[in-house]
Asks: 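Supplied in C-alpha cells, the structure appears directly below.
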Amino acid sequence: MMTHNHHTFHLVDMSPWPLTGSVSALMITTGLVKWFHQFNMDLLILGLLATSLTMIQWWRDITREGTYQGLHTTRVMVGLQWGMILFITSEVLFFFSFFWAFFHSSLSPSIELGNCWPPAGIQPFNPFQIPLLNTAILLASGATVTWSHHAIISSNLTQALQSLTLTVILGFYFSALQALEYFEAPFTIADSVYGSTFFVATGFHGLHVIIGSLFLLVCLYRMYMCHFSSTHHLGFEAAAWYWHFVDVVWLFLYVSIYWWGS
C-alpha cells in the first residue's frame, strides 16, 4: 500500500467533516431565513450546534496529523501555505463586492436617496467614537499576534503565550463593542442602501473577527500544549495571516464607510 510520504502533495485520510460542514452551513443559512420570516430559531440553533461540533472534530484531526502522525512534511506545508494564500485571496474578492456596492451608490447617489450621501433621513455613526476605538483595538491585536509569531520563532514560549492571549482578548473585546454598536444603531439594515451595505459589510467582517478569534484560541491551546516549535507552527502562521487580513479589511471599512461615508 502507498503511504503519505510517497506523495509531494497533501494526501489525507477520508474525512466526513467537509460534508458535515457544508450541511451545517446550509442549515445556518436556511435557519436564518426561517428566523427572519417565521421568528423560529430551532433550525438556526441546530445548524450552529452542528457547525461547532464539526469545527471541534476537524481541528482535532488536523492537530493529530500535524503533531503526532508526522504527515505535515516540508513539501506538504508548502502546499498548505498556498492553500491558505488562495483562500485569503478569495476572501479579498468577497469583500471587494461589498465595497463595489457601497461606492456604486455613494459616489453617485440617485434621486431616491435624496441626491446625497448618507441618504436623507439616515443618521450615521460618529467615526471618532466606537469605530475609532475598534480600529485601535484591531491594530493593537495585529501588533500582539506579530509579537507572538516572532516569540515562537525565537523559542520564547512564555512571551508567545502572553502576546497571543492578549490578541484573543482584544479580538473578543472588538466583537463585544461591535455588538454594542449594533444595539445602539439609529438605523437598520432595511433603511435604504446605506443600511444594507453598512450592516452586510461590517457584519461579515465581524463574523470573520469571531472566526479569527476562535482560530487563534485553538492556536493558544495548542501552544500551551507545546504542539508548536520554532520551525513547525504552520497552524499558528495561517491564523496570523488570517488575522492580518481581517485587520486590513477593517482599515478599509473604517476609512470608506465610517469616516468618508459619514
Side-chain angles (χ1 to χ4, degrees), residues 4-5 10-13 15 17-18 21 48 51-88 91 134 136-178 205-250:
H4 296 278
N5 296 328
H10 188 47
L11 185 68
V12 297
D13 296 328
S15 173
W17 311 130
L48 291 172
T51 301
S52 301
L53 292 174
T54 298
M55 290 167 58
I56 292 170
Q57 293 174 104
W58 204 342
W59 261 315
R60 178 203 64 188
D61 289 353
I62 291 175
T63 300
R64 284 176 178 172
E65 73 175 39
T67 307
Y68 305 113
Q69 297 175 342
L71 300 181
H72 289 184
T73 62
T74 303
R75 289 193 175 187
V76 166
M77 286 195 294
V78 171
L80 293 175
Q81 286 174 336
W82 274 108
M84 192 65 191
I85 290 171
L86 292 175
F87 169 69
I88 292 176
E91 293 281 67
N134 269 344
I137 289 170
L138 274 191
L139 290 177
S141 70
T144 53
V145 77
T146 303
W147 171 21
S148 181
H149 192 192
H150 283 282
I152 197 67
I153 291 174
S154 303
S155 300
N156 191 332
L157 182 61
T158 301
Q159 285 195 14
L161 284 170
Q162 292 173 347
S163 51
L164 189 55
T165 301
L166 279 175
T167 307
V168 173
I169 292 173
L170 289 171
F172 285 114
Y173 184 36
F174 175 94
S175 299
L177 286 177
Q178 189 172 39
H205 176 268
L207 176 63
H208 282 70
V209 171
I210 294 173
I211 293 172
S213 299
L214 293 175
F215 201 173
L216 291 173
L217 187 61
V218 172
C219 289
L220 180 62
Y221 169 77
R222 294 190 62 192
M223 191 179 291
Y224 178 76
M225 298 299 293
C226 298
H227 290 174
F228 298 138
S229 67
S230 58
T231 57
H232 195 91
H233 52 271
L234 177 61
F236 172 69
E237 193 174 43
W241 289 356
Y242 187 83
W243 196 253
H244 287 309
F245 158 75
V246 168
D247 286 350
V248 172
V249 170
W250 174 258

Asks: Before you tell me yes or no, could you show the steps for R75 and V78 under side-chain contact (heavy atoms from CB on, under 4.5 Å), namely the whole-Å CA-CA distance, both residues' side-chain angles and the distance that decides it to 0.1 Å?
Replies: CA-CA 5 Å; R75 289 193 175 187; V78 171; 5.7 Å; no
Asks: Looking at every non-hydrogen atom in both residues, tell me the closest pair between M223 and S148 and how far apart they are.
Replies: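 Nearest pair, atom of M223 first, then S148: CE-OG, 3.9 Å.
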Asks: Indicate whether the side chain of H205 and that of Q178 have a donor and an acceptor atom separated by less than 3.5 Å.
Replies: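 Short answer, no.
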Asks: Looking only at non-hydrogen atoms, find the nearest pair between C226 and L157 and report the distance.
Replies: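 Taking C226 first and L157 second, the nearest heavy atoms are SG-CD2, 4.1 Å.
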Asks: So, for Q81 and W241, which heavy atoms are closest and what is the spacing to 0.1 Å?
Replies: O-CZ3, 3.7 Å
Asks: I want to check something: taking the side chain as every heavy atom from C-beta on, are H227 and T63 in contact at a cut-off of under 4.5 Å?
Replies: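 The answer is yes, as the side chains (C-beta and beyond) meet within the 4.5 Å cut-off.
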Asks: Nearest 0.5 Å, what's the CZ-CZ distance between R222 and F228?
Replies: 4.0 Å
Asks: Using only atom types and a distance under 3.5 Å, with no angle test, would you say the side chain of T165 pairs donor to acceptor with the backbone of L161?
Replies: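 Such a contact is found between T165 side chain and L161 backbone.
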Asks: If you measure from OH on Y224 to OH on Y221, what distance do you get to the nearest 0.5 Å?
Replies: 9.5 Å
Asks: For the atom pair NE2 (H150) and OG1 (T146), what is the distance rounded to the nearest 0.5 Å?
Replies: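 So the gap between those two atoms works out to 6.0 Å.
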Asks: Taking the side chain as every heavy atom from C-beta outward, state whether E237 and M84 have any atom pair closer than 4.5 Å.
Replies: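 They are not in contact (no side-chain heavy atoms under 4.5 Å apart), so the answer is no.
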Asks: If we ignore hydrogens and angles and just use 3.5 Å, is the side chain of S141 paired with the main-chain N or O of L138 as donor and acceptor?
Replies: yes
Asks: Please state whether the rings of W250 and F174 are parallel, tilted or perpendicular, taking 30° and 60° as the class boundaries.
Replies: perpendicular
Asks: Are the side chains of F236 and L220 in touch, meaning some heavy atoms are under 4.5 Å apart?
Replies: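 No, too far: nothing below the 4.5 Å cut-off.
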Asks: Any heavy-atom pair between the side chains of T67 and R64 that's under 4.5 Å?
Replies: no
Asks: Let me confirm one number: the CG-OG1 distance from L234 to T74, rounded to the nearest 0.5 Å.
Replies: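 Interatomic distance, L234 CG to T74 OG1, rounded to 0.5 Å: 11.0 Å.
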Asks: Compare all side-chain heavy atoms of S154 with those of Q159 and state whether any distance is below 4.5 angstrom.
Replies: no
Asks: Which atom names give the shortest non-hydrogen contact between S163 and W147, and what distance separates them?
Replies: CB-CE3, 3.2 Å
Asks: Going from NE2 on H72 to CG on L80, what distance comes out if it is rounded to the nearest 0.5 angstrom?
Replies: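 Output value for this atom pair is 5.5 Å.
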Asks: Do you know the tightest heavy-atom contact between S175 and I210?
Replies: OG-CG1, 3.6 Å
Asks: Are R60 and W17 side-chain neighbours, meaning at least one heavy-atom pair lies under 4.5 Å?
Replies: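 Yes; the side chains approach each other to less than 4.5 Å.
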Asks: Distance from Y173 atom OH to S213 atom OG, nearest 0.5 Å?
Replies: 14.0 Å
Asks: Of the non-hydrogen atoms in T144 and L170, which two are nearest, and what is the gap between them?
Replies: OG1-CD1, 4.3 Å
Asks: Do L207 and I211 have side chains that approach each other closer than 4.5 Å (heavy atoms only, starting at C-beta)?
Replies: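 They are in contact (side-chain heavy atoms under 4.5 Å apart), so the answer is yes.
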Asks: Going by heavy atoms in the side chains, are H233 and I153 under 4.5 Å from each other?
Replies: yes
